[in-house]
Amino acid sequence: MKIISKSEFTELANFESDCSVTIYLPTHRAGVAVNEQQDSLAFKTALQTVRKQLQAKGFSNTDIDRVIKPGLKLLDHETFWYELSDGLGVFMANGFFKTVKLPCTVRDEILINRHFYVSPLVPLIENGDHFFLLVFSRQFTRFYRGNAFSMEQIEVEGLPYGIDDVIHFEEKGGKELFRGGGNATGSGVSFHGHSPGTADKEVYLAQYLKEVDSTLWKEALSTEKAPLVLAAVDYMVTIYKQITQYKNIWQKALIGNFELEEQNSLFRKAREIIEPFFHEEHRTALKTYYDQSATGLTSTSADEIIPASHYGRISDLFVMKDAHIWGRFDENDNVLVIHDEKKDGDDCLINKAVVKTVANGGAVHVLEPDRMPDGNKITAFMRYEIAV
């Protein structure tokens, strides 16, 4: 469930050389594409493109070989190409080589500059946002921790595997006799419209779920505030919501029997219903931006935003996914030049604004084009206004 740490991002963001090569490729987890080695072939083609571009820039073959040699060696690392995710980032320079397996799709792109292109990595920086998933039935209990990109099972000491771990039954004379620890009738859950035998069974079920909840509370959730998604048949979800101590149960649940559900499938279903949770930070920042849009605290001007990012003025930076603004900025002389198309020596100024904003403690929101304020490539909410 590894995503990019702040230190890993900072290492890539701060690297500088005469020739920093960034490659992004969409890749595959499994299937025909993996069996036919499509990802390694795509990377081989990317390396050939890098060689041609470096030759066109006037680099010697010796210098080019030094840059791409680790990439060529990676092509022979067969295991690597069978263990990919949805995307791949490769960062190469003379004396530097790093790959990042990405849990999300990326646009196929090659960039050669003095700095690596790291904007696509921003949504992957570990920020602590996570959720929990509890999958349960009468015979089955599993607990997971997930983020926006993946999920892993958490082994919780003492967590009942099923109702038989808590409630024991013995057949005598055609009757089920309850045997178990605790007071099963003290669950505080009411059941109406059931025969006495059915009501007893539901009380036992409530006792089992109380034990599940108590164990999770003690071992995993007492200090947590992350949302907990429930996955079970409808009536068991209802009971669990009545007895749980945890106050942040997600409003929507996965309804059904998931005993045989594969983990990746469970993650996709849980991720779909908890999607709003992972957009909350963006929504809150956008609301603040729009609420302050008539003041001097907001800007849609790249001429203002790019210098502001270097000088620590930006609280929230909004950038369009996969967008570029080409040019150069001299921080010492405060001179900004923007070009309509990329020219030799140009940087992606959006990328530099992203790096500076993160370094200065601001928040960066990489958004789809239809979510960007006024359709701009870059907008910002400032920490303070500049007196005129």
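Here the CG-OH distance, from Leu88 to Tyr24, works out to 10.0 Å after rounding to the nearest 0.5 Å. Note: Leu228 CG to Ile249 CD1 = 4.0 Å, rounded to the nearest 0.5 Å. With rounding to the nearest 0.5 angstrom, the CG atom of Asp316 is 11.5 Å from the CG atom of Leu297. With rounding to the nearest 0.5 Å, the separation of OG in Ser315 from CZ in Arg383 is 6.0 Å. With values rounded to the nearest 0.5 angstrom, Asn113 atom CG is found 7.5 Å from Thr22 atom OG1. A distance of 8.5 Å separates CG of Asn147 from CD of Glu152, quoted to the nearest 0.5 Å.
Checked by atom type and distance alone, the side chain of Asn257 never pairs as donor or acceptor with a backbone atom of Val233 at under 3.5 Å. With hydrogens and angles ignored, the 3.5 Å screen pairs no side-chain donor or acceptor of Thr298 with any backbone N or O of Ala294. Although no hydrogens or angles enter the test, the distance criterion places a donor-acceptor pair under 3.5 Å between the side chain of Glu262 and the main chain of Ser265. Remark: the backbone N or O of Tyr384 is paired with a side-chain donor or acceptor of Arg313 at under 3.5 angstrom. A donor-acceptor pair is defined here as one N or O able to donate and one able to accept, closer than 3.5 Å; no such pair exists between the side chain of Thr284 and the backbone of Glu281. Tyr144 places no side-chain N or O within 3.5 Å of a backbone atom of Phe267 that could act as its donor or acceptor partner.
With hydrogens and angles left out, the side-chain atoms of Gln153 and Glu155 include a donor and acceptor closer than 3.5 Å. Residues His115 and Asn351 have side chains that never bring a donor and an acceptor to within less than 3.5 angstrom of each other. Judged purely by distance below 3.5 Å, without hydrogens or angles, the side chains of Ser5 and Glu8 pair a donor atom with an acceptor atom. Side-chain contact of Thr10 with Ser7: a donor-acceptor pair under 3.5 Å is absent, judged by distance alone. In summary, the side chains of Ser20 and Glu16 do not present any donor paired with an acceptor at a separation below 3.5 Å, with no hydrogens or angles considered. Between the side chains of Arg29 and Ser85, at least one donor N or O lies within less than 3.5 Å of an accepting N or O. For the residue pair Thr300 and Asp374, no side-chain donor N or O sits within less than 3.5 Å of a side-chain acceptor on the partner. For the 3.5 Å distance criterion, the side chains of Thr215 and Glu219 fail to qualify, holding no donor opposite an acceptor. Between the side chains of Ser137 and Glu259, at least one donor-acceptor pair of N or O atoms lies under 3.5 Å.
Residues Leu266 and Ile273 share a single hydrophobic cluster, defined by chaining ILVMFWY side chains whose heavy atoms lie under 4.5 Å apart. One hydrophobic cluster, built from ILVMFWY side chains closer than 4.5 Å, cannot hold both Leu84 and Val100; they sit in different ones. Residues Ile112 and Leu121 do not share a hydrophobic cluster, defined by chaining ILVMFWY side chains whose heavy atoms lie under 4.5 Å apart. Phe97 and Leu54 fall within the same hydrophobic cluster, defined by Ile, Leu, Val, Met, Phe, Trp and Tyr side-chain heavy atoms under 4.5 Å apart, directly or through other members. Under the 4.5 Å side-chain heavy-atom criterion for grouping Ile, Leu, Val, Met, Phe, Trp and Tyr, Phe318 is connected to Tyr290 within one hydrophobic cluster.
Tyr208 places a side-chain heavy atom less than 4.5 Å from the side chain of Thr141. In this structure the side chain of Arg371 reaches within 4.5 angstrom of the side chain of His279, judged on heavy atoms. You'll find the side chain of Ser309 reaches within 4.5 Å of the side chain of Ile314, heavy atoms only. Annotation: side chain of Phe329 is not in contact with side chain of Asp347 (no heavy-atom distance under 4.5 Å). Residues Lys101 and Glu83 are in side-chain contact: their nearest non-hydrogen atoms beyond the backbone lie under 4.5 Å apart. Residues Tyr240 and Tyr246 are not in side-chain contact: their nearest non-hydrogen atoms beyond the backbone lie 4.5 Å or more apart. Contact check for Ile23 versus Met92: side-chain heavy atoms found under the 4.5 Å cut-off. Pro227 places none of its side-chain heavy atoms less than 4.5 Å from the side chain of Val229.
Side-chain rings of Tyr289 and Phe381 stay apart, their centers remaining 6.0 Å or farther from each other. The distance between the ring centers of His130 and Phe132 falls below 6.0 angstrom.
Few gaps surround CD on Gln251; more than 12 heavy atoms of other groups in view lie less than 6.0 Å from it. Within a 6.0 Å radius of NZ in Lys241, more than 12 heavy atoms belonging to other residues, nucleotides or ligands are found. In Asn35, the CG atom is crowded: over 12 heavy atoms of neighbouring residues, nucleotides or ligands sit closer than 6.0 Å. Within a 6.0 Å radius of NZ in Lys342, other residues, nucleotides and ligands contribute more than 12 heavy atoms. Annotation: Glu280, atom CD; neighbour count of heavy atoms from other residues, nucleotides and ligands within 6.0 Å is above 12. Other residues, nucleotides and ligands contribute more than 12 heavy atoms inside 6.0 Å of the CD atom of Glu275. No more than 12 heavy-atom neighbours from other residues, nucleotides or ligands sit within 6.0 angstrom of CD on Glu272.
A pairwise comparison of heavy atoms in Ala270 and Leu254 identifies N-CD1, 4.0 Å as the closest pair. The shortest heavy-atom contact between Pro120 and Pro123 is O-CD, 3.4 Å. When every heavy atom of Ala380 is checked against every heavy atom of Leu317, the shortest pair comes out as CB-CD1, 4.2 Å.
In summary, Arg138 and Asp164 do not engage in a salt bridge, as defined by a charged side-chain N under 4.0 Å from a carboxylate O.
When the options Val337, Ile378, Val354, Ile325 are evaluated for a side-chain contact (heavy atoms from CB on, under 4.5 Å) with Leu349, the one that passes is Ile325.
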- prompt: Passes side-chain hydrogen bond (donor to acceptor under 3.5 Å, both in side chains), Asp39 versus His28? Steps please.
  reply: CA-CA 7 Å; Asp39 297 330; His28 305 83; 2.8 Å; yes
- request: For side-chain hydrogen bond (donor to acceptor under 3.5 Å, both in side chains), just list the numbers for Glu211 and Ser214, CA-CA rounded to whole Å, side-chain angles, deciding distance to a tenth of an Å, and then say yes or no.
  value: CA-CA 5 Å; Glu211 184 65 25; Ser214 177; 5.3 Å; no
task: Could you please spell out the steps behind the salt bridge (Lys or Arg N to Asp or Glu O under 4.0 Å) verdict for Asp63 and Arg66?
output: CA-CA 5 Å; Asp63 288 338; Arg66 287 172 179 161; 3.4 Å; yes
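Below 30°, between 30° and 60°, or above 60°: for Trp326 and His324 the angle between ring planes is below 30°, a parallel geometry. Below 30°, between 30° and 60°, or above 60°: for Phe96 and Phe15 the angle between ring planes is between 30° and 60°, a tilted geometry. Ring geometry for Phe43 versus Trp81: interplanar angle of 30 to 60°, hence tilted.
Judged by the 6.0 Å and 45° rule, Arg142 forms no cation-pi pair with Phe136.
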